[in-house]
Amino acid sequence: MILPRDFYARPTLEVARELLGKVLRHRSREGTTAGRIVEVEAYIGEDDPACHAAPGPTARNAPLYGPPGVAYVYLNYGLHYLVNAVTEERGSPAAVLIRALEPVEGLDLMRRRRARAKWRKGKPHPSDHELCRGPGNLTIALGITLAQNTRALTRPPLVIEDQGGAVETIEWTPRIGLRVGTQHPWRCTIAGHRSVSGPRAR
DNA sequence: CGTTCGATGCACT
DNA sequence: GTGCATCGAACGT
């Protein structure tokens with residue numbers, strides 16, 4: 001079942017927690033890739049210094065002020081695309097950053113995209129649980145670019161699905177990779193999952 | 001194990 | 001001109 005718009009029109013921390021275990025799926029000309037969400041971060045409003053809405057409305061962050069249930073994609077560090085799900089009511093700028101997936105479909109295509117994006121020397125290819133570990137890596141693996149910015153997540157080709165099934169232990173920690181806003185424990189992960197990014201998990 | 005640092009593009013001041 | 005919601009290679013301990 002594809003998550004409906006109402007799912008996203010709620011407090012961002014609730015949406016973040018409930019996105020764990022859901023499946024992000026992208027159908028492209030090359031094929032379909034999908035992964036189970038295991039790590040997210042919440043970015044909430046103009047008072048959150050790490051949120052792109054902190055400076056107020058601008059051209060880039062306009063999707064955050066729009067309706068919930070759409071993708072907000074942007075280029076980060078001039079190298080990586082990062083994908084968010086816009087939450088809360090129209091006019092209330094907030095979103096959930098998808099940071100890591102457990103690959104579930106189209107692993108071959110993910111491997112080809114990762115290899116194409118980066119083949120420095122004769123490095124070993126990423127193992128399966130590394131294919132979508134990290135927000136920049138998962139957009140490469142799923143073929144998500146600026147072309148998907150502002151696209152609805154409630155209908156194909158880019159959707160988030162509820163496939164049922166149990167979700168393991170959930171853990172809240174401070175967001176990572178930030179210089180501000182680290183006081184909020186707004187990073188939500190499936191504890192101990194191999195595909196979660198950040199300092200080397202064991 | 002740990003930390004540092006370069007690549008790279010663009011929104012924003 | 002400055003500063004990133006990153007990645008991974010290279011180095012130090």
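Owing to the predicted nature of the structure, the values given are computational and were not obtained by experimental measurement. Sequence lines set the chain letters: A, B, ... in the order given, protein chains first and strands last, and positions in each chain run from 1.
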message = Between A/Asp48 and A/Arg175 (salt bridge meaning N to carboxylate O under 4.0 Å), is one present in this structure?
response = yes

Side chain of A/Asn137 - closest among C/dG8, C/dA5, C/dT6 = C/dG8

inquiry  = The side chain of A/Leu75 is closest to which nucleotide in this list: B/dC10, C/dA5, C/dT6?
reply    = B/dC10

message = Rounded to whole Å, please give me the gap between OH in A/Tyr81 and C1' in B/dT8.
response = 11 Å

ask   = Is A/Arg113 salt-bridged to A/Glu30, cutoff N-O under 4.0 Å?
value = yes

query = Would you say A/Glu39's side chain and A/Ser195's backbone share a donor-acceptor pair under 3.5 angstrom?
reply = no

task = Answer yes or no: is there an ion pair linking A/Glu168 with A/Arg36, defined by an N-O contact shorter than 4.0 Å?
result = yes

inquiry  = I'd like the C1' distance from C/dG8 over to B/dC10, given in whole Å.
reply    = 23 Å

request  = Answer yes or no as to whether C/dA5 has its base stacked against A/Tyr43, where stacking requires a ring-centre separation under 5.5 angstrom and planes under 30 degrees apart.
outcome  = yes

remark   = Against the side chain of A/His80, the closest entry in B/dA7, C/dA5, C/dC7 is C/dC7

message = Given C/dC7, C/dG8, B/dT13, identify the nucleotide with an atom nearest to the side chain of A/Pro135.
response = C/dC7

request  = Examine A/Tyr74 together with A/His52 and report whether their ring centres are nearer than 6.0 Å.
outcome  = yes

key: Bracket notation of DNA chain B in which parentheses pair within the strand, [ ] cross earlier pairs, and | pairs with another strand (Watson-Crick or G-U, under 3.5 Å)   = |||||||.||||.

query = OP1 or OP2 of C/dA5 less than 4.0 angstrom from a side-chain nitrogen or oxygen of A/Arg179, does that happen here?
reply = no

request  = Can you check whether any acceptor in the base of C/dA5 is under 3.5 Å from a donor in the side chain of A/Asn84, or vice versa?
outcome  = yes

ask   = side-chain contact (heavy atoms from CB on, under 4.5 Å) with A/Pro185: which residues, sequence neighbours excluded?
value = none

